[in-house]
Amino acid sequence: MTTPWKDRFATAMMGSAPTPLLMLDHGEGCYVWDVDGTRYLDFLAGIAVNSLGHAHPVLVEAVTRQVSTIAHVSNYFATAPQIELAERLRRISGAGDRGRVYFGNSGAEAIEAAIKLARRNGQHKKIIALTNSFHGRTMGSVSLTGKPSLREPFEPVVPGIVHIESTIEALEAAIGDDVSALVVEPIKGEAGVVPLPDGYLERARELTEQHGVLLILDEIQTGAGRTGSWFAFQQHGIVPDAIAIAKGIAGGVPIGALVTFGRASDLFTVGQHGSTFGGNPLATAAGNAVLGEIESAGLVENAALRGSQLRDAILAIGSPLVAEIRGAGLLIGVGLTEPVAAQVCARALELGLIINAPNDSSIRLAPPLILGDAEVTLFIELFTRALASTSAALTTTEASL
Ligand SMILES: *Cc1c(COP(=O)(O)O)cnc(C)c1O
């Protein structure tokens, strides 16, 4: 008899890994199948990673072709996919001719590059980040992360980082000539898909400019078209000094990048940063295929359209559990009136729907950008049932008290 996969996972994987919900076997489009052959509608997409859904032919073809041509070369050599992706990112970010791109392999590595960039803008100055933010798990990125529970077990963390509340007043009080960079997520994904206050980025741009502070945006979760524009900052009429990107850029092939704008593009000098795998032809070919398909299939527009369709349909369910809907495009946070997000997600999973609870009272939806009418309809049907059965269970519990 084979050992059940949960036991094998628990025995072989590091204790830092939470218990997995399912063992998945394969996927196609917006659906995945587990090892028992059960199908699930995937409204998490590997946490905003599988932009084109699963096994998209464009990505399959690009990766297959690249791995059978040349997969990796080291930083001593250039490759065509690498330069093409850097040029593409300069174009879609609006950084243009004054843009530069650094490639790493993950969101955390993009943030590490951002922290080093900040140090190049004032080595002994402070970096400002926000409370309740999430920037990754490596030492630098966890130091920037505004959740004490993630940071404290690893203290002492990287010095010179301060966390402030996400208000314009707190920003006005904190910013000054002793600051090298302000790093913020335009929409805090891990906090439950919570946008910045109205006017925050606009005011942040003014203040950072006045004090020579870099405005660095963590667009790791919001980028690659997910919010209905290539990057979330583009809906605010501002230009940042840098954006950290990863997740959805290459549709599941690991990649991360820091894109700089204007004078921030001159801060690193030769040899000051690098990565063995960063920008290798395999990952960058995947990035070109994914971003190319997002562009040619109009998936940025689709994210905006499907996002508003979903918002309207979720509100129309009329569930007493739904308090508010947050986010933009296909990064949606459903704020609940009761701390039952985990129960709603568990019910959904039983019904064949993958959604996620970043905290007790928020549900996060981040489906593939290829979402169509059929998936929206099925989602609403399953989500309605998950909410109703959670509500019913709550009423039963209350009645029995
Ligand atoms: C996922 C995420 C990160 C970290 O990315 P990894 O690839 O897991 O290292 C950082 N910032 C934000 C906003 C994220 O969503």
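Numbering of ligands and ligand atoms starts at 1, following listing order.
Gln82 and Thr284 share no side-chain donor-acceptor pair at under 3.5 Å.
In this view, Asp266 and Arg98 satisfy the side-chain hydrogen bond (donor to acceptor under 3.5 Å, both in side chains) rule, not counting sequence neighbours. For Arg203, the side chain to side chain contact (heavy atoms under 4.5 Å, CB included) test picks out Ile168, Glu172, Glu206, Leu207, with sequence neighbours left out. With sequence neighbours left out, Thr337 forms a side chain to side chain contact (heavy atoms under 4.5 Å, CB included) with Leu321, Ala323.
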Show your reasoning for whether ring-ring contact (aromatic ring centres under 6.0 Å, His included) applies to Phe43 and Phe379. CA-CA 8 Å; Phe43 258 56; Phe379 167 81; 4.3 Å; yes
Which pairs of N or O atoms, one from ligand 1 and one from the protein, are separated by less than 3.5 Å, and what is the distance for each pair?
from	atom 1	to	atom 2	distance (Å)
ligand 1	7 (O)	Gly107	N	2.8
ligand 1	9 (O)	Ala108	N	2.8
ligand 1	11 (N)	Phe134	O	3.3
ligand 1	11 (N)	Asp218	OD1	3.4
ligand 1	11 (N)	Asp218	OD2	2.7
ligand 1	15 (O)	Gln221	NE2	2.6
ligand 1	15 (O)	Lys247	NZ	2.5

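Between Phe233 and Phe261, the two ring planes are perpendicular [angle over 60°; tilted spans 30° to 60°].
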